[in-house]
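Here the structure comes first, spelled out in structure tokens, and everything after it is commentary.
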Amino acid sequence: MGKLDMQSVDSPFHSQGTRCAGTLLLPPRAKRPPVIVMAHGFGAIRAAGLYAFAERFVKAGYAVFLFDYRGFGDSEGEPRHWVSPRRHLQDWKAALVHVRKLPQVDASRLVLWGSSFSGGHVLQTAAEDGSVAAVIAQVPHVSGLASVSKVPLASLVKLSVAALRDVAGSLVGRPHYSRIVGKPGELAAMSSAESWDGYMALFPEGARWENKVLSRIFLELPLYSPGRFASRVKAPTLVVAGRQDSVTPPKAAQRAAARLPQGEFELLDSNHFQPYVDAMFEKNIGLQLSFLQRKVPVGA
């Protein structure tokens, strides 16, 4: 599907007084279609692989709203590169308020889509919102302890020290940053064998992104377990995990899916990043479209 076959509308909104960049994608000649709200995972931006999913959703007749968190991508906000569950959840809530006011879409058929870190965000947001039509959580972060358990102890200690340095430095205007992604043996939030090539492959040339994050997140990360909200998610929910995922363990995702009242679980033979690209992307998007067509059909 070419880009000329859909309408792209710049649609910014405000979260906690800060302007967030948003883009509404509409299928041709659609009259108030269901809308899928999408944002990315840990330290990433909407330009990093999300448009491939969005275009397939639009081709199937769904509207899509993509946004960047405060301090990332095309959104405003200082300091930059601040990954924070609390702040991200505020941005999700503000995005939903905005989308529900858009006249071009049917807000009664609103779907949340998240991947990795935002896969956890959409579970918690759906539990607290209660009015969404469906949820898709792709390779989701559901348990802080499960994710942290995959980090070597020596790296965990160093990242904790960096976090304390950042908290102390923030008091005097000297924040401390760490790398988001690195190669095996390097100090970064993600440095497993699949991480460097997988993460970097998501970014188009010239993307407005830097490989850094405020280190304070490493104090929050072990405590952020949105999977504990699973039993409160009323909407039909699809959880897609990767069998060889070394970033967000699939067993934790499966346990969370089992607690969902209307949960479906799919296990791909993939690592954390393969569901975004190539043949695994095709299998993944096929599962997601099948779920959407059953639970939130276009034209219903």
Side-chain angles (χ1 to χ4, degrees), residues 34 36-42 44 49-50 53 56-57 62 85 88-89 92 96 109-150 190 192 194 198 221-276 280-297:
I36 303 168
V37 183
M38 305 177 66
H40 223 311
F42 193 99
L50 294 195
F53 290 90
R56 295 293 286 272
F57 292 146
Y62 296 88
H88 287 1
L89 290 167
W92 270 98
L96 297 191
R109 294 185 292 159
L110 187 151
V111 179
L112 306 185
W113 186 100
S115 187
S116 194
F117 210 46
S118 67
H121 298 342
V122 295
L123 292 177
Q124 184 163 337
T125 299
E128 295 175 350
D129 184 285
S131 297
V132 301
V135 181
I136 297 175
Q138 173 180 290
V139 292
H141 169 99
V142 295
S143 168
L145 291 178
S147 294
V148 167
S149 71
K150 296 296 182 179
M190 290 175 278
S192 61
E194 71 208 64
L221 191 58
L223 305 176
Y224 182 52
S225 297
R228 62 192 175 92
F229 291 89
S231 63
R232 292 169 47 189
V233 178
K234 299 177 182 178
T237 301
L238 173 65
V239 176
V240 180
R243 193 186 307 275
Q244 291 91 37
D245 193 330
S246 65
V247 179
T248 55
K251 289 184 179 180
Q254 187 169 16
R255 287 194 295 268
R259 296 195 297 271
L260 292 161
Q262 295 191 71
E264 299 182 20
F265 180 75
E266 295 286 352
L267 186 64
L268 298 174
D269 191 20
S270 75
N271 64 26
H272 189 72
F273 297 98
Q274 288 170 329
Y276 293 91
M280 197 58 66
F281 167 80
E282 292 298 331
K283 184 171 184 179
N284 182 26
I285 195 68
L287 292 171
Q288 296 184 20
L289 286 169
S290 174
F291 169 79
L292 288 170
Q293 288 159 0
R294 285 185 287 110
K295 302 300 182 181
V296 193

- [ ] Kindly indicate, with the supporting measurements, whether the criterion side-chain contact (heavy atoms from CB on, under 4.5 Å) is fulfilled by His88 and Ser118.
- [x] CA-CA 8 Å; His88 287 1; Ser118 67; over 6 Å; no
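- Pairs engaging residues 114-123 under the salt bridge (charged side-chain N to carboxylate O under 4.0 Å, His left out) rule: none recorded [sequence neighbours left out].
- With hydrogens and angles ignored, the 3.5 Å screen pairs no side-chain donor or acceptor of Tyr62 with any backbone N or O of Val111.
- Not a single salt bridge (charged side-chain N to carboxylate O under 4.0 Å, His left out) links Glu128 to another residue, sequence neighbours left out.
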Show me, pair by pair, the donor-acceptor contacts under 3.5 angstrom made by side chains of residues 224-235, not counting sequence neighbours?
| from | atom 1 | to | atom 2 | distance (Å) |
| --- | --- | --- | --- | --- |
| Tyr224 | OH | His121 | ND1 | 2.7 |
| Ser225 | OG | Gly144 | N | 3.0 |

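- Side chains of Lys150 and Pro249 form a contact here, defined as non-hydrogen atoms less than 4.5 Å apart.
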Open item on the list: What verdict does the side-chain contact (heavy atoms from CB on, under 4.5 Å) test give for Phe53 and Ile36, after you've listed the backbone C-alpha separation in whole Å, the side-chain angles of each residue and the deciding distance to 0.1 Å?
Closed with: CA-CA 11 Å; Phe53 290 90; Ile36 303 168; over 6 Å; no
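- Judged by distance alone, with hydrogens and angles left aside, the side-chain atoms of Ser149 form a donor-acceptor pair with the main-chain N or O of Ala146 at under 3.5 Å.
- Annotation: side chain of Leu287 is in contact with side chain of Leu268 (closest heavy-atom distance under 4.5 Å).
- Heavy atoms only, all atoms of each residue included: Leu238 and Phe291 are closest at N-CZ, 3.6 Å.
- Looking at Arg56 and Glu282, their side chains come closer than 4.5 Å, going by heavy atoms from C-beta outward.
- Atom CD of Glu194 is separated from atom CZ of Phe273 by 6.0 Å, given to the nearest 0.5 angstrom.
- A search for salt bridge (charged side-chain N to carboxylate O under 4.0 Å, His left out) contacts involving Arg294 returns Glu264, not counting sequence neighbours.
- To the nearest 0.5 Å, atom NZ of residue Lys283 and atom OG of residue Ser270 are 9.0 Å apart.
- Asn284 places a side-chain N or O within donor-acceptor distance of the main-chain N or O of Pro275, the cut-off being under 3.5 Å.
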- [ ] Check step by step if side-chain contact (heavy atoms from CB on, under 4.5 Å) holds for Ile136 and Leu292.
- [x] CA-CA 9 Å; Ile136 297 175; Leu292 288 170; 4.0 Å; yes
Task: Check against side-chain contact (heavy atoms from CB on, under 4.5 Å), Val247 and Val139 - done: CA-CA 9 Å; Val247 179; Val139 292; over 6 Å; no
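- Closest heavy-atom contact between Pro34 and Val296: CB-CG1, 3.9 Å.
- For residues 129-144, the pairs satisfying salt bridge (charged side-chain N to carboxylate O under 4.0 Å, His left out) are Arg100-Asp129, with sequence neighbours left out.
- The closest side-chain heavy-atom distance from Trp92 to Gln124 is not below 4.5 Å.
- Minimum heavy-atom separation, Leu50 to Ala39: CD1-C, 3.8 Å.
- Contact of the His141 side chain with the Leu221 side chain is registered, since non-hydrogen atoms from C-beta on lie closer than 4.5 Å.
- Residues passing the side-chain hydrogen bond (donor to acceptor under 3.5 Å, both in side chains) test with Thr248 are Asp245, His272, sequence neighbours excluded.
- In this structure, CE on Met280 lies 5.5 Å from CG on Asp269, to the nearest 0.5 angstrom.
- With hydrogens and angles left out, the side-chain atoms of Gln288 and Trp113 include a donor and acceptor closer than 3.5 Å.
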